[in-house]
Protein chains: 2
Amino acid sequence: MLTRSEEDHLKAVHALLGDGGRASTNNVAERLGTKASSVTVMLKKLAEKGLLSHAPYYGVKLTAKGKAAALKLVRKHRLWETFLVERLGFAWDEVHEVAEQLEHVRSEKLTDSLAEYLGDPAFDPHGDPIPDRNGRLALRDLHPLVAATEGQRVRIAAVKDGSDALLHLLGRKGIGIGKLLVVKAHQEFDRSMELEDTAGNRISLSAQVAGHLWVESAPATKQRKG
Amino acid sequence: MLTRSEEDHLKAVHALLGDGGRASTNNVAERLGTKASSVTVMLKKLAEKGLLSHAPYYGVKLTAKGKAAALKLVRKHRLWETFLVERLGFAWDEVHEVAEQLEHVRSEKLTDSLAEYLGDPAFDPHGDPIPDRNGRLALRDLHPLVAATEGQRVRIAAVKDGSDALLHLLGRKGIGIGKLLVVKAHQEFDRSMELEDTAGNRISLSAQVAGHLWVESAPATKQRKG
DNA sequence: ACCTATTTTTAGTTGCATCTAATTTAATTG
DNA sequence: CAATTAAATTAGATGCAACTAAAAATAGGT
Ligand SMILES: [Mn+2]
Ligand SMILES: [Mn+2]
Ligand SMILES: [Mn+2]
Ligand SMILES: [Mn+2]
């Protein structure tokens, strides 16, 4: 049985490794708002419990057991986010903090009932995939928006590493998951992008904002969502 | 800001006092599955924070602030129970433990959105009243089932202090909140009761079980629920 | 290859929530 | 009303999760 703190550390390690990155002690500490020394102690404890292997001064690697446990937490976090947005009417920039608490509620039945209630969603409100009961993730062919060429039609598919402030800004600009856009221009000067939505509205995104957006190529004919 | 343990102690004190009873250190400890010495320490802390007054060796009384905080917790607990039963399909004997966790999730917006989503219910799955935003409870005229006279029509309105095992048993006997029953007989010998439902099925309840049930008198003509 | 800056770990401390054991206070009863 | 019993509190210990400060190990630059 993991404590709440152990769960948060495990999830942080998983998230950092998942980005192809390395889960350094400092990285984890920064993500959790604690200090490196505290993280070292927790990593030792997680290693003790067989969730990861820890080579002091080198780094950390999740075991199969650790990976499975982390995916369960990710599943719970994203299911709750989905519930908050789709059922309770939260904005997508208001859910993270609450889901951060809800993910620790312990009940297999709760998680599975919630998933079923929501229609076993494959993606959360930020476009992140929701692991299924067995930890499997839906696969998609995503591209960074900033790599899209002028004239290309794209559909917003995910916001990666989006702070609440970024999400709020995007919301105000009318950008959400599923939104169809046409790339109008890449500005050489500041690498900002000009886009146009299906209603003909112009949307300008700074390089910093656009860099967080991932898209699917959108066939000109078919269309899923406004 | 209260810790989870402080919240649980406050809620226990409120529940024990509410039954007209006294919230003795031992009562609280038993309710929480801890020891009296631990409770003393927590009561001192809650008194420190202005939620209750504690006269050592005498007893404890909630302040207005403490009462309000306790009612908020009760509200959250019962709203979650309602959600679990009405939306996620939990049985009424499966929700307490999970709600015991969910009640500690901190978010005003979550509580209010959940209440609204559920249609601002006034009673939880066990027939207990759900405090509104301002801590107000719906009033009803309830009577103990064991005081009902032979031939009387009653509607099950609440199960008081029901363990999960009791709730499960009642469920198996087909008894739930809103159920209409006619009292057929009180057995002198063991104080058990014979009842009949609207479909003509006979239900026999031991004194121990019947003692937990509270009813409204049911007018012979009008009828709310099967 | 050595020195230095950075990262990580270890050691020792604090606050919290529990426990057991000892003490104190209150209640009961002969 | 004194003695006994029961209840509550205090004292001291433990485990957890954090911290700061000190030590150790690694990585880079000359
Ligand atoms: Mn969390
Ligand atoms: Mn998300
Ligand atoms: Mn609780
Ligand atoms: Mn209830």
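Below, chains carry the letters A, B, ... as their sequence lines are ordered, and counting in each starts from 1.
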Handout entry: Audit row: A:H77, A:H96, ring-ring contact (aromatic ring centres under 6.0 Å, His included) steps and yes/no
Key = CA-CA 8 Å; A:H77 185 99; A:H96 186 77; 4.7 Å; yes
Handout entry: Nearest-nucleotide pick for B:S5, side chain only, options being D:dA27, C:dT9, C:dT18
Key = C:dT18
Practice task
Measure from the side chain of B:N26, starting at C-beta and using heavy atoms only, and say which of D:dA7, C:dT18, C:dT7 lies closest.
Solution key: D:dA7
I need the [atom1]-[atom2] distance between [X] and [N], as an integer number of Å.
| X | N | atom1 | atom2 | result |
| --- | --- | --- | --- | --- |
| B:H104 | C:dA17 | NE2 | P | 12 Å |
| A:R22 | D:dA27 | CZ | C1' | 11 Å |
| A:L16 | C:dT7 | CG | P | 15 Å |
| A:L2 | D:dC16 | CG | P | 13 Å |
| B:Y58 | C:dT25 | OH | C1' | 9 Å |
| B:H9 | C:dA17 | NE2 | P | 9 Å |
| A:E6 | D:dA18 | CD | C1' | 14 Å |
| B:K45 | C:dG15 | NZ | C1' | 8 Å |

Exercise for the section: Could you tell me how the ring of A:F83 sits relative to the ring of B:F83: parallel (under 30°), tilted (30 to 60°) or perpendicular (over 60°)? Expected result: tilted
Problem - side chain to side chain contact (heavy atoms under 4.5 Å, CB included) between B:V13 and B:N27, worked out - result: CA-CA 9 Å; B:V13 167; B:N27 289 161; over 6 Å; no
Problem - Below 4.0 Å: OP1/OP2 of C:dT9 and any side-chain N or O of A:H54 - result: yes
Exercise for the section: Respond yes when some side-chain nitrogen or oxygen of A:K44 is under 4.0 Å from OP1 or OP2 of C:dT10, and no when none is. Expected result: yes
Practice task
Taking only heavy atoms on the protein side, list every residue of residues 29-43 of chain A lying under 4.0 Å from any atom of DNA chain C, sorted numerically.
Solution key: A:A36, A:S37, A:T40
Handout entry: B:Y57 (side chain) and C:dT24 (base): donor-acceptor pair under 3.5 Å
Key = yes
Fill in the blank from the handout: Checking B:Q187, B:M193, B:E188 against B:D190 for side chain to side chain contact (heavy atoms under 4.5 Å, CB included), the one that qualifies is B:Q187
Problem - Qualifying salt bridge (charged side-chain N to carboxylate O under 4.0 Å, His left out) pairs, either residue in residues 89-108 of chain A, two or more places apart - result: A:E7-A:R106, A:K11-A:E100, A:K11-A:E103, A:K72-A:E108, A:E94-B:K109
